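One structure is given here, and the rest of the page talks about it.
Everything numeric here is computed off the predicted structure, so don't read it as measured data. No hydrogens, no waters, no symmetry mates; every other heavy atom, side chains included, goes into these values.
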Amino acid sequence: MTIEAAQTTTMLPAAPAGEKIHPVWVRVTHWINALAMVVMIGSGWEIYNASPLFGFTYPKSITLGGWLAGALLWHFAAMWLLAVNGLVYIALGLATGRFRRKLFPIRPGDVIADAGAALRGKLAHDDLSVYNAVQKALYIGVILAGILIVASGLAIWKPVQLRELAALFGGYDSARFVHFFTMVAIVVFLAIHVAMTLIVPKSLRAMVRGR
């Protein structure tokens with residue numbers, strides 16, 4: 001697929017004037033998820049520092065909780081917020097057909113072509129109601145990462161009571177590694193997400209106002 005063809009994925013006819021790009025439930029769950037993720041990441045880094053997996057620790061200035069017990073309290077509170085809000089988001093996304101309309105179909109060739117166009121600054125963003133292939137891949141990926149990080153977190157939290165879940169990850173220690181690398185994937189997603197917001201400011205306005 002050529003770059004010109006890739007551009008067409010975001011150059012479809014614009015949504016009718018006045019039509020919401022993001023309904024209220026999408027905007028509310030988006031911002032709740034954002035808050036929960038920031039709290040979980042900051043507190044998770046403090047928890048990591050108490051028992052590092054690798055030869056580094058995170059600076060105290062970017063962690064949350066002050067010490068292990070405080071970080072755990074923040075982490076568990078945000079975990080339940082993320083889990084409940086995530087379930088609402090997924091349920092409504094499936095029930096309303098939004099996931100089917102916005103995220104599918106997705107083809108590897110389209111993802112590669114749109115990624116190349118984006119790196120060359122050739123990917124259009126005229127119609128925010130239409131996701132390009134890279135956006136589709138990232139959004140599907142972060143939804144799966146959200147599910148994985150909650151599941152692995154539960155396995156770490158209750159490895160005895162939830163031994164079957166912990167066993168799916170290969171045990172407590174393996175679950176910690178899964179949890180860590182899933183966190184890294186989410187942080188990378190957030191960095192790309194924020195960068196794209198800076199490049200296309202109207203996307204932030206749409207997530208606040210709906211259009």
Side-chain angles (χ1 to χ4, degrees), residues 22 24-93 99 135 137-199 203-204 207-208:
H22 303 301
V24 172
W25 67 267
V26 169
R27 285 175 279 147
V28 171
T29 55
H30 171 274
W31 291 113
I32 292 176
N33 274 338
L35 173 63
M37 282 292 187
V38 169
V39 173
M40 286 201 72
I41 291 169
S43 58
W45 287 347
E46 181 66 32
I47 295 168
Y48 168 92
N49 285 351
S51 180
L53 286 170
F54 304 102
F56 70 90
T57 57
Y58 293 97
K60 295 288 289 185
S61 59
I62 62 171
T63 64
L64 178 65
W67 61 309
L68 178 58
L72 286 169
L73 290 175
W74 279 105
H75 206 67
F76 291 146
M79 178 189 74
W80 291 116
L81 179 62
L82 178 69
V84 172
N85 189 67
L87 286 173
V88 171
Y89 174 75
I90 291 173
L92 289 174
F99 287 172
Q135 285 177 298
L138 287 174
Y139 291 149
I140 291 172
V142 80
I143 289 171
L144 295 177
I147 295 171
L148 185 59
I149 205 163
V150 170
S152 59
L154 290 172
I156 295 169
W157 179 37
K158 297 289 186 180
V160 176
Q161 295 88 336
L162 300 174
R163 61 177 63 86
E164 292 83 5
L165 179 61
L168 289 176
F169 293 103
Y172 175 84
D173 291 329
S174 296
R176 286 193 67 200
F177 282 99
V178 171
H179 200 67
F180 177 86
F181 286 112
T182 306
M183 176 276 297
V184 172
I186 291 174
V187 170
V188 171
F189 167 83
L190 292 176
I192 296 173
H193 195 56
V194 171
M196 291 307 300
T197 298
L198 296 176
I199 295 171
S203 63
L204 177 60
M207 190 53 74
V208 173

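- Among residues two or more places apart in sequence or in another chain, the salt bridge (Lys or Arg N to Asp or Glu O under 4.0 Å) test is passed with K60 by E46.
- Of all heavy-atom pairs between F56 and F180, the closest is CZ-CZ, 3.9 Å.
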Please tabulate, for the side chains in residues 142-158, all donor-acceptor contacts under 3.5 angstrom to protein atoms that are two or more places apart in sequence or on a different chain.
residue	atom	partner	partner atom	Å
S152	OG	L148	O	2.9
S152	OG	I149	O	3.2
S152	OG	H179	ND1	2.9

Given the rule in the side-chain contact (heavy atoms from CB on, under 4.5 Å) test, do T182 and F177 qualify, once you have shown the distances and angles that lead to the verdict?
-> CA-CA 8 Å; T182 306; F177 282 99; over 6 Å; no
What pairs of donor and acceptor atoms, side-chain ones from residues 79-91 against any protein atom, are under 3.5 angstrom apart with sequence neighbours left out?
residue	atom	partner	partner atom	Å
N85	ND2	T29	O	2.9
N85	ND2	N33	OD1	2.9

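- Note that OG of S203 and CG of L198 are 9.0 Å apart. Values are rounded to the nearest 0.5 Å.
- To the nearest 0.5 Å, the span separating CD1 on I62 from CD1 on I41 amounts to 10.5 Å.
- One finds the NE2 atom of H193 at 6.0 Å from the CE atom of M207 (value rounded to the nearest 0.5 Å).
- Remark: Y139 OH to F189 CZ distance equals 5.5 Å, nearest 0.5 Å.
- Under the salt bridge (Lys or Arg N to Asp or Glu O under 4.0 Å) criterion, no residue pair touches residues 171-183, with sequence neighbours excluded.
- A heavy-atom distance below 4.5 Å is not found between the side chains of Y172 and V160.
- Between Y58 and Y48, the ring planes lie perpendicular to each other; the angle is over 60°, past the 30° to 60° tilted range.
- Sorted pairs that involve residues 62-76 and meet salt bridge (Lys or Arg N to Asp or Glu O under 4.0 Å), not counting sequence neighbours, are lacking altogether.
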Check residues 64-78 and write down every donor-acceptor pair under 3.5 Å in which the side-chain atom is one partner and the other belongs to a residue at least two apart or another chain.
residue	atom	partner	partner atom	Å
H75	ND1	M40	O	3.2
H75	ND1	S43	OG	2.8

